[in-house]
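Heads up, the thing below is written out as structure tokens.
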Amino acid sequence: MTVLFNLLQNAELNSSVTADDLESALEKASMPNRTVIITTINAAWAKENSILDLYLRSFRIGEGTQHLLDNLLFVALDQEALKRCEQIHPHCYILLKEGSDFSGEKVIMTQGYLDMMWARILFLKHVLALGYSFVFSDADILWFRSPFKLFDDKADFQIASDYYNGNPHDLSNSPNGGFNFVRSSNRSIRFYEWWYESRTSYPNLHDQDVLNKIKSEKKLSEIGLKMLFLDTKYVSGFCERRASLNDVFTMHANCCKGMKAKIADLTLILQDWASYCSPNSSAVHWRAPDACLHSW
């Protein structure tokens, strides 16, 4: 077993950080309704002029997104990521014990990538158990408008889609675990516990693929969780880039392999948004994905 999975199975946080430290970090970043935006970062993505800088820039140049930075908590997966975060952002938290190395780039479906994904699911369950709702966002998602306008008031769990069929209630939609809004409740806590436990039934699958397996199981209705899928016209990505510049709320560099390709195409996306926002602009279309199309 890796150090990480010893950590996860014992449901421990960083040995130098107590549950009080986590609650303090959440409280400082929280909206009045106890909602936080959470993004995990490691050293590779947090380097200067890398994914982290593009992510923060999108908030700064988006329409009505600047104030959301006050509610953004970065969860660092290693000391280097924490150090960089503390240099540029007020809300930073370190997740794992010393000895767990998430500092390098994690290529999709490698063991390091799988470990990192399941660490995230367990951590988010802890956040829900502390009574905080959250928007979880991968750092390779650019925010151009506030997605809070899109969320259904009655849903427990709302998740982005790789591919969206037009019906937000249809469980045959393809979920994307990189972006979701989850309300803290007994239902959502039980759901995250079940999701995490289900990893043992589907070894070598990451959290998103396991969710795709379990979303239609009877257990979901027993828990009573109301799940909705977000429209790719608004919460968009490279898998199914339906959003025009007029419609986009967030844009995800999904269906893309490798940090270099993501940085190239996210840079194009930011440039296209800046052009769109300039006076007398008629731009409505994106140039990306480009590098990501050739990353496989």
Side-chain angles (χ1 to χ4, degrees), residues 3-41 70-77 82 85 91-97 100 102 114-138 147-148 151-160 175 177-202 206-208 210-211 214-215 217 219-228:
V3 172
L4 171 65
F5 273 93
N6 284 324
L7 165 66
L8 294 181
Q9 289 185 336
N10 292 327
E12 297 174 7
L13 298 175
N14 187 319
S15 59
S16 64
V17 178
T18 67
D20 289 341
D21 293 317
L22 173 57
E23 188 154 21
S24 175
L26 292 166
E27 183 179 2
K28 289 175 182 177
S30 176
M31 301 174 186
N33 64 356
R34 293 176 68 87
T35 299
V36 183
I37 302 166
I38 295 176
T39 296
T40 53
I41 52 172
D70 295 334
N71 308 116
L72 172 59
L73 175 64
F74 282 113
V75 177
L77 300 178
L82 178 66
C85 179
H91 305 305
C92 308
Y93 177 79
I94 181 72
L95 175 60
L96 297 177
K97 284 182 177 179
S100 298
F102 283 162
L114 295 174
D115 289 355
M116 190 164 62
M117 295 301 100
W118 287 116
R120 181 175 81 184
I121 295 299
L122 186 61
F123 173 75
L124 293 174
K125 190 268 289 186
H126 280 294
V127 172
L128 294 170
L130 287 171
Y132 286 87
S133 304
F134 61 80
V135 176
F136 178 82
S137 175
D138 277 343
F148 287 94
F151 299 144
D152 188 295
D153 290 339
K154 297 180 180 178
D156 301 299
F157 179 87
Q158 299 172 69
I159 188 166
F179 186 91
N180 48 70
F181 175 48
V182 189
R183 287 189 170 87
S184 177
S185 67
N186 289 335
R187 293 184 301 276
S188 60
I189 294 167
R190 287 182 62 199
F191 171 68
Y192 266 76
E193 288 173 347
W194 174 49
W195 188 0
Y196 177 71
E197 291 166 0
S198 296
R199 80 195 188 285
T200 59
S201 300
Y202 301 97
H206 61 64
D207 60 315
Q208 182 175 305
V210 171
L211 174 60
I214 67 174
K215 66 186 180 182
E217 292 185 11
K219 177 87 171 186
L220 186 65
S221 60
E222 292 175 353
I223 291 172
L225 185 93
K226 182 177 180 182
M227 180 185 297
L228 292 179

Do [X] and [Y] have side chains that approach each other closer than 4.5 Å (heavy atoms only, starting at C-beta)?
X	Y	value
F157	L220	no
L211	I159	yes
V182	Y192	yes
T40	F123	no
L124	R120	yes

Can you tell me how far [atom2] of [Y] sits from [atom1] of [X], rounded to the nearest 0.5 angstrom?
X	Y	atom1	atom2	result
W194	E222	CH2	CD	8.5 Å
E193	I121	CD	CD1	13.0 Å
L22	L95	CG	CG	9.0 Å
I214	K219	CD1	NZ	10.0 Å
L130	K125	CG	NZ	9.5 Å
D70	M31	CG	CE	9.5 Å

Considering residues at least two apart in sequence or located in another chain, which fulfil the side chain to side chain contact (heavy atoms under 4.5 Å, CB included) criterion with [X]?
X	result
T39	I41, Y55, L72, F74, S137, A139
S30	R34, V36, Y132
D152	K154, A155, Q158, K226, L228

Any residue meeting side chain to side chain donor-acceptor pair (under 3.5 Å) with [X], in chain and number order, not counting sequence neighbours:
X	value
K215	N212
E197	none
N180	none
T35	N33

#### Entry: Heavy-atom closest contact (L73 atom, C92 atom, distance)
CD1-N, 3.9 Å
### Query
Which heavy atom in I38 sits nearest to a heavy atom in F134, and how many Å separate them?
CD1-CB, 3.9 Å
### Message
Whether the side chain of S184 engages the backbone of S133 through a donor-acceptor N/O pair (distance < 3.5 Å, no angle test) should be reported.
### Response
no
### Message
If you apply the rule side chain to side chain contact (heavy atoms under 4.5 Å, CB included), what do you find for R190 with L128, and how did you get there?
### Response
CA-CA 10 Å; R190 287 182 62 199; L128 294 170; over 6 Å; no
### Task
Sequence neighbours left out, what passes salt bridge (Lys or Arg N to Asp or Glu O under 4.0 Å) with R187? Give chain and number order.
D156
### ring-ring contact (aromatic ring centres under 6.0 Å, His included) partners for F179, two or more places apart
W143
## Note on the structure
Sorted by chain and residue number, the ring-ring contact (aromatic ring centres under 6.0 Å, His included) partners of F151 (sequence neighbours excluded) come out as F148, F181
### Query
Just wondering, more than 12 heavy atoms not from E217 lying within 6.0 Å of its CD?
yes
